[in-house]
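What follows is a set of notes on a single structure, which appears directly below.
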Amino acid sequence: MSNTSPILNLAIVNQLILLHQQFGEILVPNAVLDELKVSEERSGSQAIRDAISSG
């Protein structure tokens with residue numbers, strides 16, 4: 001499981017792939033998704049949406 005900071009920071013620098021490479025499966029609790037505010041246009045939000053869409 002992950003909290004907001006690593007996901008957001010890696011998304012901002014377009015390196016979310018590092019989480020997948022290190023851990024394989026990433027579980028993101030709903031509370032973390034709420035904090036990430038992926039439906040808003042913020043730094044990293046498109047990368048997070050893309051990662052969620054691709055599984």
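No experiment lies behind these values; they were computed from the predicted model shown.
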| From Ile12 atom CD1 to Leu8 atom CG, the distance as rounded to the nearest 0.5 Å |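 Separation between the atoms: 4.0 Å.
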
| request: Measure across Gly44 and Ala11 and return the closest heavy-atom pair with its distance rounded to 0.1 Å. | output: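 Scanning both residues completely, I find the closest heavy atoms to be O-CB, 3.5 Å.
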
Please tabulate, for the side chains in residues 13-39, all donor-acceptor contacts under 3.5 angstrom to protein atoms that are two or more places apart in sequence or on a different chain.
residue : atom : partner : partner atom : Å
His20   : ND1  : Gly24   : O            : 2.8
Glu35   : OE1  : Thr4    : OG1          : 2.5

| said: According to side chain to side chain donor-acceptor pair (under 3.5 Å), who are the partners of Asp50, at least two apart in sequence or on a separate chain? | reply: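 Checked Asp50 against side chain to side chain donor-acceptor pair (under 3.5 Å); matches are Gln46.
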
| Set of residues satisfying side chain to side chain contact (heavy atoms under 4.5 Å, CB included) with respect to Ser5, sequence neighbours excluded |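 Ser5: side chain to side chain contact (heavy atoms under 4.5 Å, CB included) contacts with Asn3, Asn9.
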
| task | Determine, for Glu40 against Arg49, whether the closest basic-nitrogen to carboxylate-oxygen distance falls under 4.0 angstrom. | result |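 Judged by the 4.0 Å cut-off on N to carboxylate O distance, Glu40 and Arg49 do not form a salt bridge.
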
| said: With salt bridge (charged side-chain N to carboxylate O under 4.0 Å, His left out) as the rule and sequence neighbours excluded, what pairs involving residues 8-18 come up? | reply: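 Counting only pairs at least two positions apart or across chains, no salt bridge (charged side-chain N to carboxylate O under 4.0 Å, His left out) contact touches residues 8-18.
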
